[in-house]
Amino acid sequence: MKTLKILVVFAFVIAISAFAIDKVSVSKTDTGYAIGDIAANFKLKNIDGTSVSLTDYDDAKGFIIVFTCNHCPYSVAYEDRIIALDNMFKPKGYPVVAINPNNAKAYPEDSFDNMKARAKSKGFTFPYLIDEGQKIYPQYGATKTPHVYVLEKTANGNIVRYIGAVDNNYKDATSATKKYVEDAVNALLEGKKVPVEITKAIGCSIKV
Amino acid sequence: MLISFSLIAGFDIFVNMQKKIFYILLVVLFSNCKGEQKVSLDATEIFKSKGVEIPVYDFESFKPLLSINDDKTRVINFWATWCKPCVAELPYFELINSRYPDEQVEVILVSLDLPKQVETRLIPFVKRQNIESKVVLLDDPDADSWISQISADWSGSIPATIIYRGNNVNFYERSFTYNELEKELKKVL
């Protein structure tokens, strides 16, 4: 009877520790930037064949970095709103820079040629860069598309001020009651604290 | 002798009564669980086409599905037809669904396809792939309000999966092979 008790306790300990190991491995995936971190610069190929880097923007006060792509309906649903953000904030010093982090081998719809076609048909007003070799998105910690990072340019570098969704309604822009990116950039322009710094949104996994 | 016989008979009746009460309790319990599931079946809309039925939930009506406290293990997979890694692992969820008896394991495939693509993409997909697991649509555009309620560990990227039984809940933001999925399932079975 005693041995049975010991066995039960032993099995319980194993079960608990297995659970604990699991928890650790889950949180390990939470890499990438946190609010306040300095975001890495990059130099990526644009759809027009040129290279684009954050250091190219002398007059910018910051950036709206959007990891997005062609194939994901959630990304497509936000295209018009991303164009609107660029139109609204580029003149104020916060241009949009879009990056496609996907591997075209996994998603042929996200190939460089298809990126060009999509940008043309939608009339993108911002660079649409390809993360060749998929090196930039893991540094930022982007897990899905669309995934937005608002950066504030300072003497010390580009500081991450907002991470998350464009707004709180992927289906319908007019029904969105919280415009996270717009509010973040407006706050930064006024020298205020960003009201909502992190949000979560559904999106298609970048990793395949 | 006679007394002891009647005692035994009495005992038998007593045991039978206990059994009956047990069965009645079971039925009550079972129908209670059914009732609980019914709460979750409070769909905002039901898409019906080509013999496929897909109920649509907002998060509030979907939420009870995440904490049904019966003895069944539930495997809840968040996916969409446009998500390649999701589609790639669906056969493994189907295999779990067919290999384990319904009363032991229930697989629920929660599609995050956009509602306007249910009839054009989701239903044809379910039909073409002969999906036998339960498919539901979660349509709640204020995702930031509910993603963390599903799991604090979830960024919102799909595929994502919950495997739970009672209070034993595990969440995964990752893809699975069949063996990996079954291994995780056996942890809570």
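Every chain is numbered from 1, with letters handed out A, B, ... down the list of sequences. For clarity, every value in this text was computed on a predicted model and none was experimentally measured. Note that these values count all heavy atoms, side chains included, but never hydrogens, waters or copies made by symmetry.
- Between B/Ala152 and A/Lys200, the shortest heavy-atom contact is O-NZ, 3.0 Å.
- Atom CG of residue A/Asn168 and atom CG of residue B/Asp140 lie 10.0 Å apart, to the nearest 0.5 angstrom.
- Closest of all the heavy-atom pairs between B/Pro141 and A/Asn169 is CB-OD1, 3.2 Å.
- Of all heavy-atom pairs between B/Leu114 and A/Pro73, the closest is CD1-CB, 3.9 Å.
- Environment of CD in B/Glu132: sparse, with no more than 12 heavy atoms of neighbouring residues, nucleotides or ligands closer than 6.0 Å.
- Expressed to the nearest 0.5 Å, how far SG of A/Cys204 lies from CG of B/Leu112 amounts to 10.5 Å.
- Contacts between B/Trp154 and chain A at a heavy-atom distance below 4.5 Å involve backbone atoms as well as side-chain atoms.
- Rounding to the nearest 0.5 Å gives a distance of 9.5 Å between OH of A/Tyr170 and CG of B/Asp142.
- For NZ of A/Lys179, the number of neighbouring non-hydrogen atoms (other residues, nucleotides, ligands) closer than 6.0 Å is 12 at most.
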Between A/Ile202 and B/Phe78, does the side-chain contact (heavy atoms from CB on, under 4.5 Å) criterion hold? Intermediate values first, please. CA-CA 10 Å; A/Ile202 294 297; B/Phe78 297 90; over 6 Å; no
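- Residue B/Trp82 comes nearest to A/Tyr107 through the heavy atom pair O-CE2, 4.2 Å, listed as atom of the first residue, atom of the second, then distance.
- Contact between A/Lys105 and B/Lys84 at its shortest, heavy atoms only, is O-NZ, 4.4 Å.
- Side chains of A/Thr143 and B/Ser155: a donor on one and an acceptor on the other come within 3.5 Å.
- Taking a 6.0 Å sphere around NZ of A/Lys122, one finds it holds more than 12 heavy atoms contributed by other residues, nucleotides or ligands.
- Closest heavy-atom contact between B/Ser157 and A/Lys144: N-CD, 3.7 Å.
- Here B/Cys86 pairs with B/Cys83 under the disulfide (SG to SG under 2.5 Å) rule; sequence neighbours left out.
- Contact of B/Ile158 with chain A is made through backbone and side chain together, with heavy-atom distances under 4.5 Å.
- The environment of B/Asn167 atom CG is sparse: at most 12 non-hydrogen atoms of other residues, nucleotides or ligands sit within 6.0 angstrom.
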